[in-house]
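All remarks here apply to the structure that follows.
The sequence lines fix the lettering, A, B, ..., with proteins before strands; numbering per chain opens at 1.
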There are 2 protein chains.
Amino acid sequence: AIEATGLHKSYRDGERSVDVLRGADLSVEPGEFVAVVGPSGSGKSTLLHLLGALDVPDAGSIEIGGTAVAGLDPVEAARFRNRTIGFVFQFQELLADFDALENVMMPGKIAGWRSGRARDRALELLAEVGLEDRSDHFPNQLSGGERQRVALCRALLLEPPLLLADEPTGNLDPESAVRVFDLMIALQEGHGTTALVVTHNPALANRCGRLLQLDGGRLEAFAGASGS
Amino acid sequence: AIEATGLHKSYRDGERSVDVLRGADLSVEPGEFVAVVGPSGSGKSTLLHLLGALDVPDAGSIEIGGTAVAGLDPVEAARFRNRTIGFVFQFQELLADFDALENVMMPGKIAGWRSGRARDRALELLAEVGLEDRSDHFPNQLSGGERQRVALCRALLLEPPLLLADEPTGNLDPESAVRVFDLMIALQEGHGTTALVVTHNPALANRCGRLLQLDGGRLEAFAGASGS
Ligand SMILES: Nc1ncnc2c1ncn2[C@@H]1O[C@H](COP(=O)(O)OP(=O)(O)OP(=O)(O)O)[C@@H](O)[C@H]1O
Ligand SMILES: Nc1ncnc2c1ncn2[C@@H]1O[C@H](COP(=O)(O)OP(=O)(O)OP(=O)(O)O)[C@@H](O)[C@H]1O
Ligand SMILES: [Mg+2]
Ligand SMILES: [Mg+2]
């Protein structure tokens, strides 16, 4: 489902250059559930933005479901993302002028679904994360963890083939975090969804089929609890 | 250091009313390090905003260091907060037009410090959280966990008597989270700072001298891992 080879990404600002990814490779089979861990600042969000066609690598190639994403123009990339990728951002980026239900329904509107279908599916997802009573709240009327759960529902609305989630449980208490992970795993088992989840939570990472760590700008199999 | 009695807080929006705090009491001695846990949506951020004089309860009283905070006018409240309370928000709220160093120095500027003193102290704090190389990055040039660490440094600049931190480690890997907690505990031990920290991380909560949970809109001693 994901084939990424030789990814390089630096941020340049005048003279300084922060070299984040330095030849990262990644191969994920359809239906796999992969966790990515690594220190704060190691490049996990950067990697996810490249995989989600939200940014372009300085070098290297990325194929999602056989489509080369780096070559897409902005319009094609947006349509590809809408149909193929469910993305949960580290900072949820809900639309402030729409309530929770409307935010979750949004990918359906963009994809041209009947609004009845989008609405039913959105309400079902919100109920699964315990937010049926919050559907008419605006983002600034939601707690941090509630916003995070709404963002996950939005990413799952279209039952996308690929879910990319950037720390989807960072603002959740342990029980809510488990329920969110259950929901993602259920999607994978029910629909064969491929998932790549960045998480700092070791308990959740261990529930994933595969565990990778980002170290020195490259991905490698997780080496176990780091000794010092 | 904190005496809060009978706190009530609801959010009203037309007809509906979300009753969040329902008679919460809290008494914290100077120098205590208290953790507050509770499910997502239970009212932890709401409580912290009241204690930090960023919002006003519907009923009840709050004294911080003997000062009744609910009665302060906005100017007095702002000065009180600047001098007395270090606040780390759940969503860090750094100023986008200032770099990390300037953000951390800001409370010093507001308090009238010489900029040399604010700068030295800010650099020292940034180094303690491993961000000496990021002092000239703007917030949108920082990772999620880096922004969170910068926000903590800003809250600690004036060595405030009271630290209120709303999930200060939610975006941090386990090792960075431990370092951040070490920094907060060092402040408490070195300066007698009182700290109230909302956290979802059980390992960190257990390092605090006292553990409270928010349940049904009131605070109570943590009842241990919840059975189901
Ligand atoms: N626009 C930018 N300009 C310069 N440096 C940047 C920029 N964006 C990110 N960085 C740096 O790149 C590095 C990687 O950032 P990234 O957000 O990918 O890290 P991360 O692994 O997601 O961290 P976290 O776990 O804290 O969310 C960080 O050290 C950050 O300071
Ligand atoms: N402006 C508002 N209008 C209506 N309801 C609100 C508003 N702000 C917050 N709420 C609701 O009040 C409740 C408490 O919110 P709060 O942010 O204090 O929770 P929290 O314990 O900090 O949660 P989390 O752990 O997810 O951050 C939530 O259920 C939220 O939906
Ligand atoms: Mg990140
Ligand atoms: Mg909160």
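- Within the 4.5 angstrom heavy-atom criterion, atoms from both the backbone and the side chain of B:S40 approach chain A.
- Contact annotation for B:D136: both backbone and side-chain heavy atoms come within less than 4.5 Å of a heavy atom of chain A.
- Residues A:S17 and A:D19 have side chains that bring a donor and an acceptor to within less than 3.5 angstrom of each other.
- A donor-acceptor pair is defined here as one N or O able to donate and one able to accept, closer than 3.5 Å; no such pair exists between the side chain of A:R149 and the backbone of A:L172.
- Ranked by heavy-atom pairs under 4.5 Å with chain B, the first of A:A177, A:P39, A:S176, A:G43 is A:P39.
- Using a 3.5 Å distance cut-off with no hydrogens or angles, the side chains of A:D25 and A:S27 do not pair a donor with an acceptor.
- Both the backbone and the side chain of B:E146 come within contact range of chain A, judged by heavy atoms closer than 4.5 Å.
- For B:S45, no part lies under 4.5 angstrom from a heavy atom of chain A.
- In this structure, the portion of B:V18 lying under 4.5 Å from any heavy atom of chain A is its side chain and not its backbone.
- Note on ring orientation: taking the six-membered ring where Trp is involved, the planes of B:F91 and A:F91 are perpendicular (angle over 60°, cut-offs 30° and 60°).
- Side-chain rings of A:Y11 and B:H137 stay apart, their centers remaining 6.0 Å or farther from each other.
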